[in-house]
Amino acid sequence: LVEVDFGPGAGPPPHVHANEHESIYVVDGTVDILDGERSFTTGTGSFIFMPKGSHHAFRNTGTGMAKVLLLFTPAGFEGYMTEFGQPYTEGSSVPPTDEELALRLAPKYGMSFVDVPPGVWD
């Protein structure tokens with residue numbers, strides 16, 4: 001189980017997990033979800049399940065910080081989050097995303113990034 005705080009516009013690009021299911025619980029904020037070819041908006045208290053092998057993404061579409069709990073089953077992918085993530089403290093600036101590191105770590109954890117048709121997740 002991983003707690004993630006992220007700013008407006010932030011979130012992972014469309015991706016697929018080969019080894020684990022991903023569940024998202026929105027603790028606070030407005031979070032858009034991509035689930036295959038459909039997208040929808042969620043809010044505080046929403047729970048989303050993404051089975052392994054499905055392409056999905058999420059992003060903060062609110063004006064403030066969003067907080068989600070990510071549960072990966074079976075466990076193991078939290079190692080990616082530990083290697084890739086950067087601690088955030090209230091009031092500090094949000095560091096830029098290291099896309100090169102994300103791409104380099106993805107195969108180690110059975111994740112691949114995918115392109116989706118224009119207009120599905122712009």
Nearest 0.5 Å, what's the [atom1]-[atom2] distance between [X] and [Y]?
X      : Y     : atom1 : atom2 : result
Phe58  : Asn60 : CZ    : CG    : 10.0 Å
Leu70  : Ile24 : CG    : CD1   : 6.0 Å
Tyr25  : Lys67 : OH    : NZ    : 11.5 Å
Leu105 : Thr82 : CG    : OG1   : 10.5 Å
Thr44  : Asp28 : OG1   : CG    : 4.5 Å

Can you hop from [X] to [Y] via hydrophobic side chains spaced under 4.5 Å?
X     : Y      : result
Phe72 : Leu69  : no
Phe77 : Ile48  : yes
Phe47 : Val68  : no
Val27 : Val4   : no
Phe40 : Val116 : no

All N/O donor-acceptor pairs, side-chain side in residues 6-21, below 3.5 Å, sequence neighbours left out:
unit_1: His15; atom_1: ND1; unit_2: Pro13; atom_2: O; d: 2.8
unit_1: His15; atom_1: ND1; unit_2: His56; atom_2: O; d: 3.3
unit_1: His15; atom_1: NE2; unit_2: His17; atom_2: NE2; d: 3.3
unit_1: His15; atom_1: NE2; unit_2: Glu22; atom_2: OE1; d: 3.4
unit_1: His15; atom_1: NE2; unit_2: His56; atom_2: NE2; d: 3.2
unit_1: His17; atom_1: ND1; unit_2: Glu20; atom_2: OE2; d: 3.1
unit_1: His17; atom_1: NE2; unit_2: Glu22; atom_2: OE1; d: 2.8
unit_1: His21; atom_1: ND1; unit_2: Lys52; atom_2: N; d: 3.0

Look only at the side chain of [X] and the backbone of [Y], and say whether a donor-acceptor pair between them is shorter than 3.5 Å.
X     : Y      : answer
Thr41 : Asp32  : no
Thr42 : Val31  : yes
Asp98 : Ala102 : no

Note, Phe113 side chain near Leu103 side chain (heavy atom, < 4.5 Å):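 Answer yes - side chains close enough.
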Step-by-step side-chain contact (heavy atoms from CB on, under 4.5 Å) determination, Met50 to Ile33: CA-CA 10 Å; Met50 316 273 198; Ile33 303 291; 3.3 Å; yes
Residues which pass salt bridge (charged side-chain N to carboxylate O under 4.0 Å, His left out) with Glu100, listed by chain and number, not counting sequence neighbours: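 If we apply the salt bridge (charged side-chain N to carboxylate O under 4.0 Å, His left out) test to Glu100, skipping adjacent residues, the hits are Arg104.
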